[in-house]
Amino acid sequence: MFISTVKFAILLFVTATLARVLELDTSNFDDVVLNSDKHTLVKFYASWCSHCSKLEPVWEELATAYEKEPNVQIARIDADKHQKVGKRYGINGYPTIKLFKKDDVQHPIEFEGARSVEAFNNFISAHTGVKPPSSASNLVVKLNDLNIEDVVGGKDAFIAVTAEWCGHCKNLKPIWQKLAEIYQGDSDTVVIGQVQVTDPEPSDWIKEKFQIRSFPTLLYVKNGDLQNPEIYEAPRTLSAFTEFVNERAGTTRAEDGGLHPDAGLLHSLDDLVSTFVGSTKHERVKLANKLTEALNDLKKENKYAKEIRYYSKLVNSLVNGPYDFIPREIARLEKMLGEDLAPEARDSALFRLNILRYFNSCITANTYK
(Lines give C-alpha, C1' and ligand atoms only; values in the text may rest on other atoms or scores of the structure.)
Protein backbone atom coordinates (compact mmCIF):
# COMPACT_ATOMS: atom_id res chain seq x y z
CA MET A 1 0.00 0.00 0.00
CA PHE A 2 2.82 2.41 0.87
CA ILE A 3 4.64 1.65 -2.38
CA SER A 4 1.44 2.19 -4.36
CA THR A 5 0.85 5.56 -2.64
CA VAL A 6 4.41 6.73 -3.30
CA LYS A 7 4.18 5.58 -6.91
CA PHE A 8 0.96 7.55 -7.36
CA ALA A 9 2.38 10.70 -5.71
CA ILE A 10 5.52 10.67 -7.86
CA LEU A 11 3.51 9.95 -10.99
CA LEU A 12 1.08 12.77 -10.34
CA PHE A 13 3.89 15.23 -9.57
CA VAL A 14 5.80 14.44 -12.76
CA THR A 15 2.67 14.55 -14.90
CA ALA A 16 1.50 17.87 -13.45
CA THR A 17 4.94 19.40 -13.81
CA LEU A 18 5.10 18.66 -17.52
CA ALA A 19 1.65 20.04 -18.36
CA ARG A 20 -1.52 21.33 -16.75
CA VAL A 21 -3.46 18.67 -18.69
CA LEU A 22 -2.75 15.28 -17.10
CA GLU A 23 -1.60 12.79 -19.76
CA LEU A 24 -2.95 9.32 -19.08
CA ASP A 25 -2.16 5.82 -20.35
CA THR A 26 -3.00 2.24 -19.48
CA SER A 27 -0.50 2.12 -16.60
CA ASN A 28 -1.62 5.25 -14.72
CA PHE A 29 -5.31 5.66 -15.56
CA ASP A 30 -6.64 3.95 -12.44
CA ASP A 31 -4.28 5.71 -10.05
CA VAL A 32 -4.86 9.19 -11.48
CA VAL A 33 -8.59 8.95 -12.26
CA LEU A 34 -10.11 6.32 -9.99
CA ASN A 35 -7.92 6.58 -6.88
CA SER A 36 -7.13 10.31 -6.68
CA ASP A 37 -10.25 11.34 -4.74
CA LYS A 38 -10.78 14.13 -7.29
CA HIS A 39 -13.36 14.88 -9.94
CA THR A 40 -11.65 14.17 -13.27
CA LEU A 41 -12.81 15.33 -16.69
CA VAL A 42 -11.20 13.02 -19.24
CA LYS A 43 -10.91 13.54 -22.98
CA PHE A 44 -10.64 10.24 -24.86
CA TYR A 45 -8.96 11.13 -28.14
CA ALA A 46 -7.05 9.77 -31.12
CA SER A 47 -3.91 11.37 -32.52
CA TRP A 48 -5.29 11.30 -36.08
CA CYS A 49 -8.64 12.92 -35.15
CA SER A 50 -9.02 16.49 -36.50
CA HIS A 51 -11.89 17.27 -34.09
CA CYS A 52 -9.61 16.26 -31.22
CA SER A 53 -6.90 18.62 -32.46
CA LYS A 54 -9.37 21.50 -32.72
CA LEU A 55 -10.45 20.86 -29.13
CA GLU A 56 -6.89 20.96 -27.77
CA PRO A 57 -6.60 24.76 -27.20
CA VAL A 58 -9.90 24.67 -25.27
CA TRP A 59 -8.68 21.70 -23.24
CA GLU A 60 -5.43 23.46 -22.33
CA GLU A 61 -7.34 26.60 -21.36
CA LEU A 62 -9.71 24.55 -19.22
CA ALA A 63 -6.80 22.83 -17.46
CA THR A 64 -5.16 26.19 -16.79
CA ALA A 65 -8.39 27.50 -15.27
CA TYR A 66 -8.62 24.56 -12.85
CA GLU A 67 -4.91 24.46 -12.08
CA LYS A 68 -5.43 25.73 -8.51
CA GLU A 69 -8.70 23.89 -7.87
CA PRO A 70 -7.86 20.99 -5.49
CA ASN A 71 -10.98 18.95 -6.26
CA VAL A 72 -10.95 18.97 -10.07
CA GLN A 73 -8.39 17.78 -12.59
CA ILE A 74 -8.43 17.84 -16.40
CA ALA A 75 -6.93 14.86 -18.22
CA ARG A 76 -6.68 13.16 -21.61
CA ILE A 77 -5.84 9.73 -22.95
CA ASP A 78 -5.11 8.52 -26.47
CA ALA A 79 -7.79 5.82 -26.44
CA ASP A 80 -6.86 4.66 -29.93
CA LYS A 81 -3.36 3.87 -28.69
CA HIS A 82 -4.46 2.63 -25.26
CA GLN A 83 -7.42 0.59 -26.46
CA LYS A 84 -7.74 -1.42 -23.26
CA VAL A 85 -8.94 1.70 -21.42
CA GLY A 86 -11.03 2.81 -24.37
CA LYS A 87 -12.87 -0.53 -24.55
CA ARG A 88 -13.51 -0.50 -20.81
CA TYR A 89 -15.52 2.71 -21.19
CA GLY A 90 -17.12 1.90 -24.53
CA ILE A 91 -15.27 4.55 -26.51
CA ASN A 92 -16.18 4.21 -30.19
CA GLY A 93 -15.84 7.80 -31.38
CA TYR A 94 -13.44 10.69 -30.87
CA PRO A 95 -13.30 12.89 -28.97
CA THR A 96 -15.42 11.41 -26.19
CA ILE A 97 -15.46 13.31 -22.90
CA LYS A 98 -16.44 11.78 -19.58
CA LEU A 99 -16.60 13.14 -16.05
CA PHE A 100 -15.48 10.78 -13.30
CA LYS A 101 -17.03 12.06 -10.07
CA LYS A 102 -14.86 11.27 -7.08
CA ASP A 103 -17.76 9.73 -5.15
CA ASP A 104 -18.91 7.56 -8.08
CA VAL A 105 -15.93 6.87 -10.35
CA GLN A 106 -17.45 3.63 -11.65
CA HIS A 107 -20.25 5.49 -13.44
CA PRO A 108 -18.69 8.33 -15.48
CA ILE A 109 -21.02 10.91 -17.02
CA GLU A 110 -20.61 11.58 -20.72
CA PHE A 111 -20.49 15.20 -21.90
CA GLU A 112 -22.73 16.00 -24.89
CA GLY A 113 -22.80 19.80 -25.04
CA ALA A 114 -20.94 22.49 -27.00
CA ARG A 115 -17.19 22.09 -26.80
CA SER A 116 -16.36 25.44 -25.18
CA VAL A 117 -14.74 26.42 -21.89
CA GLU A 118 -18.02 27.91 -20.69
CA ALA A 119 -19.96 24.73 -21.49
CA PHE A 120 -17.37 22.51 -19.77
CA ASN A 121 -17.39 24.80 -16.72
CA ASN A 122 -21.16 24.56 -16.50
CA PHE A 123 -21.05 20.78 -16.91
CA ILE A 124 -18.47 20.36 -14.13
CA SER A 125 -20.36 22.73 -11.83
CA ALA A 126 -23.72 21.05 -12.43
CA HIS A 127 -22.44 17.58 -11.56
CA THR A 128 -19.88 18.33 -8.83
CA GLY A 129 -21.00 21.58 -7.20
CA VAL A 130 -17.57 23.09 -7.88
CA LYS A 131 -18.03 26.62 -9.14
CA PRO A 132 -16.25 27.63 -12.34
CA PRO A 133 -12.94 29.30 -11.47
CA SER A 134 -12.50 33.01 -12.05
CA SER A 135 -9.89 33.59 -14.71
CA ALA A 136 -8.72 36.00 -17.37
CA SER A 137 -11.55 34.74 -19.60
CA ASN A 138 -14.01 36.49 -17.24
CA LEU A 139 -12.20 39.77 -17.85
CA VAL A 140 -13.15 39.71 -21.54
CA VAL A 141 -16.48 41.53 -21.60
CA LYS A 142 -19.14 39.59 -23.47
CA LEU A 143 -21.03 41.95 -25.77
CA ASN A 144 -24.22 41.55 -27.79
CA ASP A 145 -26.97 43.66 -29.36
CA LEU A 146 -28.65 44.21 -26.00
CA ASN A 147 -25.71 45.51 -23.95
CA ILE A 148 -23.07 46.96 -26.30
CA GLU A 149 -24.27 50.57 -26.11
CA ASP A 150 -24.45 50.59 -22.31
CA VAL A 151 -21.13 48.78 -21.75
CA VAL A 152 -19.11 50.73 -24.29
CA GLY A 153 -20.74 54.12 -23.66
CA GLY A 154 -18.09 56.80 -23.05
CA LYS A 155 -15.20 54.32 -23.04
CA ASP A 156 -12.63 53.07 -25.51
CA ALA A 157 -13.37 49.49 -26.55
CA PHE A 158 -11.32 46.92 -28.45
CA ILE A 159 -13.82 44.32 -29.67
CA ALA A 160 -13.26 40.91 -31.25
CA VAL A 161 -16.18 39.63 -33.31
CA THR A 162 -15.80 35.86 -33.42
CA ALA A 163 -17.55 32.58 -34.24
CA GLU A 164 -17.27 29.28 -32.36
CA TRP A 165 -16.37 27.29 -35.50
CA CYS A 166 -13.61 29.68 -36.60
CA GLY A 167 -10.07 28.30 -36.20
CA HIS A 168 -8.46 31.76 -36.29
CA CYS A 169 -10.83 32.83 -33.50
CA LYS A 170 -9.72 29.89 -31.37
CA ASN A 171 -6.08 30.91 -31.90
CA LEU A 172 -6.93 34.49 -30.94
CA LYS A 173 -8.79 33.56 -27.75
CA PRO A 174 -5.83 33.07 -25.31
CA ILE A 175 -4.16 36.24 -26.61
CA TRP A 176 -7.41 38.19 -26.19
CA GLN A 177 -7.81 36.90 -22.65
CA LYS A 178 -4.25 37.97 -21.82
CA LEU A 179 -4.98 41.40 -23.30
CA ALA A 180 -8.03 41.71 -21.03
CA GLU A 181 -5.85 40.75 -18.08
CA ILE A 182 -3.32 43.45 -18.99
CA TYR A 183 -5.98 46.19 -19.08
CA GLN A 184 -8.02 45.13 -16.04
CA GLY A 185 -6.51 48.06 -14.13
CA ASP A 186 -7.91 50.45 -16.78
CA SER A 187 -11.42 48.96 -16.89
CA ASP A 188 -12.95 52.33 -16.05
CA THR A 189 -11.75 53.70 -19.40
CA VAL A 190 -10.92 50.66 -21.60
CA VAL A 191 -13.07 47.65 -22.49
CA ILE A 192 -11.60 44.50 -24.01
CA GLY A 193 -14.71 42.87 -25.42
CA GLN A 194 -15.96 39.98 -27.52
CA VAL A 195 -19.04 39.39 -29.61
CA GLN A 196 -19.47 35.65 -30.22
CA VAL A 197 -21.99 35.54 -33.07
CA THR A 198 -22.69 31.83 -32.52
CA ASP A 199 -23.80 32.39 -28.90
CA PRO A 200 -27.55 32.46 -28.11
CA GLU A 201 -27.47 36.21 -27.36
CA PRO A 202 -28.55 38.38 -30.35
CA SER A 203 -25.81 39.85 -32.54
CA ASP A 204 -27.57 40.54 -35.88
CA TRP A 205 -27.56 44.31 -35.27
CA ILE A 206 -23.81 44.28 -34.57
CA LYS A 207 -23.08 42.16 -37.67
CA GLU A 208 -25.11 44.49 -39.86
CA LYS A 209 -23.93 47.71 -38.20
CA PHE A 210 -20.25 46.89 -38.59
CA GLN A 211 -20.65 44.90 -41.82
CA ILE A 212 -19.05 41.78 -40.37
CA ARG A 213 -18.14 39.49 -43.25
CA SER A 214 -15.28 37.42 -41.81
CA PHE A 215 -13.98 36.19 -38.48
CA PRO A 216 -12.34 37.35 -36.38
CA THR A 217 -13.06 41.00 -37.12
CA LEU A 218 -11.39 43.38 -34.68
CA LEU A 219 -12.93 46.79 -34.04
CA TYR A 220 -11.68 49.73 -32.00
CA VAL A 221 -14.28 52.14 -30.66
CA LYS A 222 -13.07 55.51 -29.37
CA ASN A 223 -14.97 57.21 -26.53
CA GLY A 224 -18.02 55.01 -27.06
CA ASP A 225 -18.51 56.23 -30.66
CA LEU A 226 -20.13 53.18 -32.28
CA GLN A 227 -20.71 55.15 -35.47
CA ASN A 228 -17.05 55.34 -36.42
CA PRO A 229 -15.16 52.21 -35.37
CA GLU A 230 -11.62 51.61 -36.57
CA ILE A 231 -10.91 48.22 -38.17
CA TYR A 232 -7.73 46.66 -36.78
CA GLU A 233 -5.66 45.03 -39.53
CA ALA A 234 -2.18 44.79 -37.94
CA PRO A 235 -0.55 41.57 -36.60
CA ARG A 236 -2.58 39.62 -34.06
CA THR A 237 0.10 39.47 -31.40
CA LEU A 238 -0.02 40.56 -27.79
CA SER A 239 2.73 43.14 -28.28
CA ALA A 240 0.97 44.65 -31.31
CA PHE A 241 -2.38 44.75 -29.52
CA THR A 242 -0.84 46.36 -26.43
CA GLU A 243 0.94 49.02 -28.45
CA PHE A 244 -2.26 49.72 -30.41
CA VAL A 245 -4.45 50.15 -27.31
CA ASN A 246 -1.84 52.33 -25.58
CA GLU A 247 -1.68 54.64 -28.60
CA ARG A 248 -5.45 54.92 -28.97
CA ALA A 249 -6.49 55.03 -25.30
CA GLY A 250 -3.52 56.96 -23.90
CA THR A 251 -2.72 54.09 -21.55
CA THR A 252 0.80 52.97 -20.69
CA ARG A 253 0.57 49.22 -20.11
CA ALA A 254 3.42 46.79 -20.60
CA GLU A 255 2.85 43.20 -21.76
CA ASP A 256 3.22 41.87 -18.22
CA GLY A 257 0.24 43.98 -17.12
CA GLY A 258 2.39 46.46 -15.24
CA LEU A 259 3.03 50.04 -16.25
CA HIS A 260 5.42 51.00 -19.01
CA PRO A 261 8.58 52.76 -17.74
CA ASP A 262 7.32 55.95 -19.41
CA ALA A 263 4.00 55.91 -17.56
CA GLY A 264 3.40 59.26 -15.87
CA LEU A 265 6.11 61.16 -17.74
CA LEU A 266 5.22 64.39 -19.54
CA HIS A 267 7.91 64.35 -22.19
CA SER A 268 6.89 67.72 -23.63
CA LEU A 269 8.26 69.24 -20.39
CA ASP A 270 11.53 67.28 -20.29
CA ASP A 271 13.76 70.25 -21.15
CA LEU A 272 12.04 72.54 -18.65
CA VAL A 273 12.19 69.93 -15.89
CA SER A 274 15.84 69.14 -16.58
CA THR A 275 16.82 72.81 -16.37
CA PHE A 276 14.67 73.42 -13.31
CA VAL A 277 15.91 70.43 -11.28
CA GLY A 278 19.55 70.97 -12.21
CA SER A 279 19.58 74.63 -11.16
CA THR A 280 20.44 76.11 -7.77
CA LYS A 281 17.74 76.74 -5.18
CA HIS A 282 17.78 80.46 -5.93
CA GLU A 283 17.44 79.93 -9.70
CA ARG A 284 14.65 77.40 -9.24
CA VAL A 285 12.43 80.04 -7.62
CA LYS A 286 12.50 82.01 -10.91
CA LEU A 287 12.11 78.91 -13.11
CA ALA A 288 9.21 77.52 -11.08
CA ASN A 289 6.75 80.04 -12.54
CA LYS A 290 7.63 79.04 -16.11
CA LEU A 291 7.26 75.35 -15.32
CA THR A 292 3.96 75.94 -13.51
CA GLU A 293 2.62 77.84 -16.52
CA ALA A 294 3.54 74.92 -18.78
CA LEU A 295 1.70 72.53 -16.44
CA ASN A 296 -1.37 74.80 -16.48
CA ASP A 297 -1.31 74.81 -20.29
CA LEU A 298 -1.48 71.00 -20.25
CA LYS A 299 -4.55 71.19 -18.00
CA LYS A 300 -6.43 72.78 -20.90
CA GLU A 301 -6.15 69.48 -22.79
CA ASN A 302 -8.36 67.86 -20.12
CA LYS A 303 -5.95 65.00 -19.54
CA TYR A 304 -2.77 64.27 -17.58
CA ALA A 305 -4.52 65.31 -14.35
CA LYS A 306 -2.63 62.80 -12.17
CA GLU A 307 0.66 63.58 -13.86
CA ILE A 308 0.21 67.33 -13.43
CA ARG A 309 -0.62 66.97 -9.73
CA TYR A 310 2.47 64.91 -9.02
CA TYR A 311 4.77 67.12 -11.11
CA SER A 312 3.43 70.12 -9.18
CA LYS A 313 4.15 68.38 -5.88
CA LEU A 314 7.78 67.75 -6.87
CA VAL A 315 8.20 71.30 -8.14
CA ASN A 316 6.95 72.60 -4.80
CA SER A 317 9.30 70.34 -2.83
CA LEU A 318 12.30 71.57 -4.84
CA VAL A 319 11.32 75.20 -4.22
CA ASN A 320 10.06 75.10 -0.64
CA GLY A 321 11.47 71.81 0.64
CA PRO A 322 11.98 69.25 1.92
CA TYR A 323 14.76 69.20 -0.64
CA ASP A 324 15.57 65.53 -0.08
CA PHE A 325 11.99 64.41 -0.73
CA ILE A 326 12.82 62.80 -4.11
CA PRO A 327 15.54 60.34 -2.98
CA ARG A 328 13.64 59.50 0.23
CA GLU A 329 10.42 58.82 -1.67
CA ILE A 330 12.22 56.69 -4.26
CA ALA A 331 13.62 54.51 -1.49
CA ARG A 332 10.21 54.20 0.18
CA LEU A 333 8.37 53.24 -3.00
CA GLU A 334 11.03 50.75 -4.10
CA LYS A 335 10.70 49.04 -0.72
CA MET A 336 6.91 49.04 -1.07
CA LEU A 337 7.12 47.37 -4.50
CA GLY A 338 9.02 44.50 -2.91
CA GLU A 339 5.88 43.66 -0.94
CA ASP A 340 2.68 41.92 -2.04
CA LEU A 341 0.55 44.81 -3.29
CA ALA A 342 -2.88 44.93 -4.84
CA PRO A 343 -2.75 45.78 -8.58
CA GLU A 344 -4.11 49.29 -8.02
CA ALA A 345 -1.54 50.05 -5.31
CA ARG A 346 1.28 48.70 -7.48
CA ASP A 347 0.18 50.85 -10.41
CA SER A 348 0.07 53.94 -8.20
CA ALA A 349 3.54 53.27 -6.80
CA LEU A 350 5.07 52.62 -10.23
CA PHE A 351 3.41 55.72 -11.66
CA ARG A 352 4.96 57.96 -8.99
CA LEU A 353 8.28 56.14 -9.10
CA ASN A 354 8.65 56.74 -12.84
CA ILE A 355 8.25 60.49 -12.35
CA LEU A 356 10.53 60.55 -9.31
CA ARG A 357 13.26 58.68 -11.15
CA TYR A 358 13.14 61.12 -14.04
CA PHE A 359 13.37 64.12 -11.71
CA ASN A 360 16.19 62.37 -9.85
CA SER A 361 18.10 61.80 -13.11
CA CYS A 362 18.12 65.58 -13.65
CA ILE A 363 19.82 66.37 -10.32
CA THR A 364 23.22 68.03 -10.67
CA ALA A 365 25.86 69.38 -8.33
CA ASN A 366 23.94 72.69 -8.32
CA THR A 367 20.64 71.23 -7.17
CA TYR A 368 21.35 71.48 -3.43
CA LYS A 369 23.34 74.73 -3.53
Side-chain angles (χ1 to χ4, degrees), residues 7-36 38-67 69 72-102 105-124 127-128 133 135 137 162-178 196 198 215-216 236-237:
K7 175 185 175 183
F8 170 67
I10 293 174
L11 171 66
L12 196 57
F13 172 78
V14 172
T15 309
T17 300
L18 292 176
R20 295 183 179 95
V21 176
L22 300 177
E23 194 69 49
L24 307 175
D25 56 33
T26 304
S27 67
N28 70 8
F29 188 93
D30 287 4
D31 276 341
V32 175
V33 177
L34 306 184
N35 302 326
S36 65
K38 293 184 178 184
H39 304 296
T40 309
L41 190 65
V42 180
K43 178 181 72 170
F44 295 85
Y45 73 97
S47 58
W48 45 261
C49 167
S50 61
H51 293 295
C52 300
S53 298
K54 289 179 180 178
L55 179 59
E56 193 58 24
V58 174
W59 212 245
E60 293 284 352
E61 182 183 340
L62 191 68
T64 300
Y66 284 94
E67 184 180 16
E69 171 51 60
V72 175
Q73 54 189 3
I74 309 300
R76 63 186 167 214
I77 182 169
D78 187 336
D80 182 53
K81 180 179 180 181
H82 303 285
Q83 293 185 8
K84 183 178 179 180
V85 177
K87 288 179 180 179
R88 190 201 306 180
Y89 294 104
I91 306 302
N92 51 27
Y94 306 105
T96 294
I97 297 158
K98 291 180 180 285
L99 175 65
F100 293 77
K101 295 176 62 177
K102 66 179 182 179
V105 293
Q106 300 304 323
H107 301 92
I109 305 167
E110 187 162 338
F111 174 83
E112 297 179 338
R115 293 168 184 166
S116 67
V117 172
E118 292 78 11
F120 288 131
N121 278 335
N122 292 337
F123 177 71
I124 291 170
H127 290 286
T128 69
S135 67
S137 61
T162 61
E164 179 66 29
W165 47 260
C166 165
H168 294 298
C169 300
K170 287 183 172 67
N171 293 334
L172 174 67
K173 189 172 184 177
I175 302 174
W176 208 247
Q177 289 171 353
K178 179 61 179 175
Q196 181 92 313
T198 47
F215 304 99
R236 295 172 188 162
T237 63

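Side chains included, hydrogens not; waters and symmetry mates left out as well; all remaining heavy atoms used. Every value quoted in this text rests on a predicted model; they were computed, and no experiment measured them.
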Quiz item: With sequence neighbours left out, what residues match T96 under side chain to side chain donor-acceptor pair (under 3.5 Å)?
Solution: none
Quiz prompt | Results of ring-ring contact (aromatic ring centres under 6.0 Å, His included) for H127 - residues two or more places apart only | solution = F123
Quiz item: Got a sec, which pairs hit salt bridge (Lys or Arg N to Asp or Glu O under 4.0 Å) with one end in residues 41-51, sequence neighbours left out?
Solution: K43-E56
Quiz item: What's the spacing between W176 CH2 and C169 SG if we round to 0.5 Å?
Solution: 11.0 Å
Quiz item: Taking D25 for the side chain and N28 for the main chain, is one N or O donor matched with an acceptor at less than 3.5 Å?
Solution: yes
Self-check item: Between CD1 on residue I74 and CG on residue L41, distance to nearest 0.5 Å
Solution: 5.0 Å
Quiz item: Mind checking whether F100 and F44 have parallel, tilted or perpendicular rings, split at 30° and 60°?
Solution: tilted
Quiz item: Atom CD1 in I97, atom CD1 in I91: separation rounded to 0.5 Å?
Solution: 10.0 Å
Quiz prompt | Over all atoms of both residues, closest heavy-atom pair of Y94 and Y45 | solution = CD2-C, 3.6 Å
Practice problem: Grab the two heavy atoms, one from E60 and one from V21, that are nearest each other, plus how far apart they are. | Solution: OE1-CG2, 3.7 Å
Quiz prompt | Partners meeting ring-ring contact (aromatic ring centres under 6.0 Å, His included) with W59 (sequence neighbours left out) | solution = F120
Exercise. Classify the side-chain pair S116/E164 by whether it contains a donor and acceptor separated by less than 3.5 Å.
Key: no
Practice problem: Apply ring-ring contact (aromatic ring centres under 6.0 Å, His included) to F215 and list each qualifying residue two or more places apart in sequence or on a separate chain. | Solution: W165
Hey, can you pull the donor-acceptor pairs under 3.5 Å for the side chains in residues 81-88, sequence neighbours left out?
{"unit_1": "H82", "atom_1": "ND1", "unit_2": "T26", "atom_2": "OG1", "d": "3.4"}
{"unit_1": "Q83", "atom_1": "NE2", "unit_2": "D80", "atom_2": "O", "d": "3.1"}
{"unit_1": "R88", "atom_1": "NH1", "unit_2": "D30", "atom_2": "OD1", "d": "3.0"}
{"unit_1": "R88", "atom_1": "NH2", "unit_2": "D30", "atom_2": "OD1", "d": "3.2"}

Exercise. Run the numbers on T162 and K173 for side-chain contact (heavy atoms from CB on, under 4.5 Å), then give the verdict.
Key: CA-CA 9 Å; T162 61; K173 189 172 184 177; over 6 Å; no
Quiz item: Sub-3.5 Å donor-acceptor pair from the side chain of Q177 to the main-chain atoms of E61, do we have one?
Solution: no
Self-check item: Nearest atoms (heavy-atom pairs only) where I77 meets L24
Solution: CG1-O, 3.5 Å
Quiz item: Which heavy atom in A46 sits nearest to a heavy atom in C52, and how many Å separate them?
Solution: N-SG, 3.7 Å
Quiz item: Does H39 reach the main-chain N or O of K102 with its side chain, forming a donor-acceptor pair under 3.5 Å?
Solution: yes
